[in-house]
Amino acid sequence: MADRVRRVVIVGGGTAGWMTAAALSKALGKTDTAITLIESEEIGTVGVGEATIPTIHWFNTLVGLDEARFMADTGATWKLGIEFRGLQGEGSAYFHPFGTFGGPGDAAMFPHRLIRAWNVGEAAPIEEYSLTTQVARAGRFAKPVPDPRSLLSTLGYAFHFDAARYAAHLRVLAESRGVVRHEGRVVQVDRDAATGNVTTLQTATGDAIGGDLFIDCSGLRGLLIERAMGAGFEDWSHWLPCDAAWAAPTRAMERRPLYTQASADTAGWRWRIPLKHRTGNGYVFSSRFEEPDAARDRLLAALGEAVLAEPRLIRFTPGRRRRAWVGNVVAIGLSAGFLEPLESTSIHLIQSGIGRLLSLFPRADASPLLAEQYNRLSAREFEEVRDFIILHYHRTQGRTEPLWRYCQQMPIPDTLASRIDQFRASGRLMLATDDLFRDASWFAVLTGQGVRAEDHNPLLDVISDADNARQLAAMRQAIRSAALQVPLAQ
Ligand code: FAD
């Protein structure tokens, strides 16, 4: 049996680097394994990324964050979902809520009740069946309760926060558990001639840092995973044509919505994210369809207020690293791939990478079997999230700009095409047990994007159409009353 890993080296001190450092220092706390994190202030971090999804609770619990303290430290606000505006033409809007539709314990079957009623010309809009949407629209907030009989168990929430402050908060935690931060720019990566594994990193100031396991959190450049290990990149720009973003903060909103706003625009979409101390704004766009200067002007015009800092341009290539783990290098964060932030999934992808690494944590020989399993799971997850994002671009009506026309007409991945076909024909979603987005999310977005199911699960036919309609009306009423009991958010 090979020896244990005794030296872990993390390259990068962005959100990914410090999340990894916090999680590994917790997991390895009682061993003698040293964790070093190298980062370069000169290079800096990507500096955006403010919206999360509810899986963040898993990570925060794992590393032992106190919710109230972390929220205060990071300027965090509650997030109950995303409002998509204009994807079905100017003036259109729909809500992708966290939590589930309908009553407690009915998440998988509820869409079928609604589809059935819609197909006989009854039932109110989807939003009336989501308690989370109702409270979000009314500026109210409550946490889900664990009681499976309570409507409040159907709620879900995540956070908007300042990702740089989140990284700083985690840094304090990681350093208190023994992680050593090393300031410096890595300029050379030494590898073992026989195995190809990385042995030592050399910095611009002449330091040499050796390790057994290297975690590449160096961001889009993929310093170790790509430049040293040549993992390869699967480019998805033919499906996700946006390749750049302008980001600019404005002052904090007086009345902060409890959700992210995502508004379709000429060559992409704009985000608006309410934090306590500022508002995060940006325009994700395709440089194939709009020049960066014009995109910048478009963002500033849409904001219609003074920005607190000059807009910053960030360029990226959508896709994933073919192998996120090669030899003794594991890529976590933007170094593993980039999926644009339409569904706020990057921080989730960081934490699920960390979760996989903890489950498959290697010995010093870095077994290729573990790497294979890691890569298989990582590819599947990226592809599932990719499909969900493509759905938003592909199924749009009422937008005629060249980017949107391109997306409407582009061939889509078979996995997504068959999911849409299956839903349309039978109302089924064909989810795998480990899919990130569950029935409620797919149902909300498919419905919001105008995909109508023609049939429902026939198990429901034990009751009549009239009884189904009566039950739905009662459910709407119960949700309306429950929403009024939820206190207004602070
Ligand atoms: P980075 O932040 O780029 O950090 C890289 C680190 O590596 C830095 O510390 C850098 O100094 C270091 N480094 C690089 N090279 C070297 C070297 N040679 N030597 C030493 N150190 C080095 N995610 C979400 O979950 N929600 C969102 O709403 C969201 N919005 C986004 C919007 C945009 C426009 C973009 C581009 C991304 C968004 N993201 C979002 C993604 C999110 O910003 C990132 O996932 C997250 O910040 C992680 O970045 P990272 O740590 O992998 O990389």
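Hydrogens, waters and symmetry mates are skipped; everything else that's a heavy atom, side chains included, is used. Residue numbers count from 1 along this sequence. All ligand and atom numbering here is 1-based and tracks the order in the structure.
Of the protein's non-hydrogen atoms, G219 CA, 3.5 Å is the one closest to atom 53 (O) of ligand 1. Among all non-hydrogen protein atoms, the one lying nearest atom 2 (O) of ligand 1 is V46 N, 2.9 Å. The nearest heavy-atom contact from the protein to atom 39 (N) of ligand 1 is G49 CA, 3.7 Å. Scanning the protein for heavy atoms near atom 23 (N) of ligand 1, the closest one is S346 CB, 3.1 Å. Here the heavy atom of the protein found nearest to atom 50 (P) of ligand 1 is A16 CB, 3.9 Å. Among all non-hydrogen protein atoms, the one lying nearest atom 48 (C) of ligand 1 is I350 CD1, 3.7 Å. Summary of contacts: the protein heavy atom closest to atom 19 (N) of ligand 1 is V186 N, 2.8 Å. The closest protein non-hydrogen atom to atom 11 (O) of ligand 1 is S40 O, 3.0 Å.
Note on ring orientation: taking the six-membered ring where Trp is involved, the planes of Y157 and W78 are perpendicular (angle over 60°, cut-offs 30° and 60°). Classified by interplanar angle (parallel below 30°, tilted 30° to 60°, perpendicular above 60°), the ring pair F159/H57 is perpendicular.
Looking at ligand 1, you'll find an N or O of G13 within less than 3.5 Å of one of its N or O atoms. Where the criterion is an N or O separation shorter than 3.5 Å, residue side chain and backbone included, V11 fails it with respect to ligand 1. For ligand 1, the polar-atom distance check against T15 finds a nitrogen or oxygen pair separated by under 3.5 Å. Close N/O approach between I43 and ligand 1 is not found [any backbone or side-chain N/O within under 3.5 Å]. Among the atoms of G44, some N or O lies under 3.5 angstrom from an N or O of ligand 1. Considering backbone and side-chain atoms alike, I347 places an N or O below 3.5 Å from some N or O of ligand 1.
Nearest heavy atom pair, residue D439 against residue L431, reads N-CD1, 3.3 Å. The minimum heavy-atom distance linking L342 with A262 is given by the pair CD1-CB, 4.4 Å. Shown here for E41 and E183, the closest heavy-atom pair between the two residues is N-OE2, 3.0 Å. Residues F214 and T199 approach most closely at CZ-O, 3.5 Å, considering heavy atoms. For T250 against A306, the heavy-atom pair with the smallest separation is CG2-O, 3.5 Å.
Of all the atoms in ligand 1, the ones that sit under 4.0 Å from a non-hydrogen atom of T45 are 2 (O), 8 (C), 9 (O). Near E39, meaning under 4.0 Å from any of its heavy atoms, are these atoms of ligand 1: 9 (O), 21 (N). Proximity to C217 (heavy-atom distance under 4.0 Å) selects the following atoms of ligand 1: 5 (C), 6 (C), 7 (O). Heavy-atom proximity to G14, at under 4.0 Å, picks out these atoms of ligand 1: 2 (O), 4 (O), 6 (C), 9 (O), 51 (O). Remark: ligand 1 atoms within the under-4.0 Å shell around heavy atoms of A51 are 24 (C), 25 (O), 26 (N), 27 (C), 28 (O). When each atom of ligand 1 is checked for a heavy atom of W271 under 4.0 Å away, the hits are 34 (C). Every atom of ligand 1 with a heavy atom of G184 under 4.0 Å away is listed here by number and element: 19 (N), 20 (C). Annotation for ligand 1: atoms under 4.0 Å from non-hydrogen atoms of V48 are 32 (C), 33 (C), 34 (C), 35 (C), 36 (C), 37 (C), 42 (C), 43 (O), 47 (O).
With a heavy-atom cut-off of 4.0 Å, P341 touches ligand 1 through its side chain alone. For L223, every heavy-atom contact with ligand 1 shorter than 4.0 Å involves the side chain, none the backbone. When heavy-atom distances to ligand 1 are checked against a 4.0 Å cut-off, T260 has no atom that comes that close, whether in backbone or side chain. For A245, every heavy-atom contact with ligand 1 shorter than 4.0 Å involves the side chain, none the backbone. For E41, no heavy-atom contact with ligand 1 is shorter than 4.0 Å. In A163, neither the side chain nor the backbone holds a heavy atom less than 4.0 Å from any atom of ligand 1.
The one candidate from E83, E305, E50 that meets the salt bridge (charged side-chain N to carboxylate O under 4.0 Å, His left out) condition with R272 is E305. Put simply, the residue from R298, R399, E290 that forms a side-chain hydrogen bond (donor to acceptor under 3.5 Å, both in side chains) with T266 is R298.
Defined by atom type and a distance below 3.5 Å, a donor-acceptor pair is missing between the side-chain atoms of T52 and H160. A side-chain donor-acceptor contact under 3.5 Å links Y166 and N60. T415 and E383 form no side-chain donor-acceptor contact under 3.5 Å, judged by distance and modelled atom types alone.
Relative to the six-membered ring of Y94, R85 misses at least one condition, a distance below 6.0 Å or an angle of at most 45° to the axis. Taking the centre and axis of the six-membered ring of W236, the NZ or CZ atom of R320 falls outside the cone set by 45° and 6.0 Å.
At most 12 heavy atoms of other shown residues, nucleotides or ligands fall within 6.0 angstrom of atom CD in E291. A 6.0 Å sphere centred on CZ of R251 holds no more than 12 heavy atoms belonging to other residues, nucleotides or ligands.
For atom 15 (N) of ligand 1, the nearest non-hydrogen atom from the set R221, E340, M19, H182 belongs to R221.
Partners of R270 under the salt bridge (charged side-chain N to carboxylate O under 4.0 Å, His left out) rule, at least two apart in sequence or in another chain, are D265.
Heavy-atom distances between F338 and ligand 1 reach below 4.0 Å in at least one pair.
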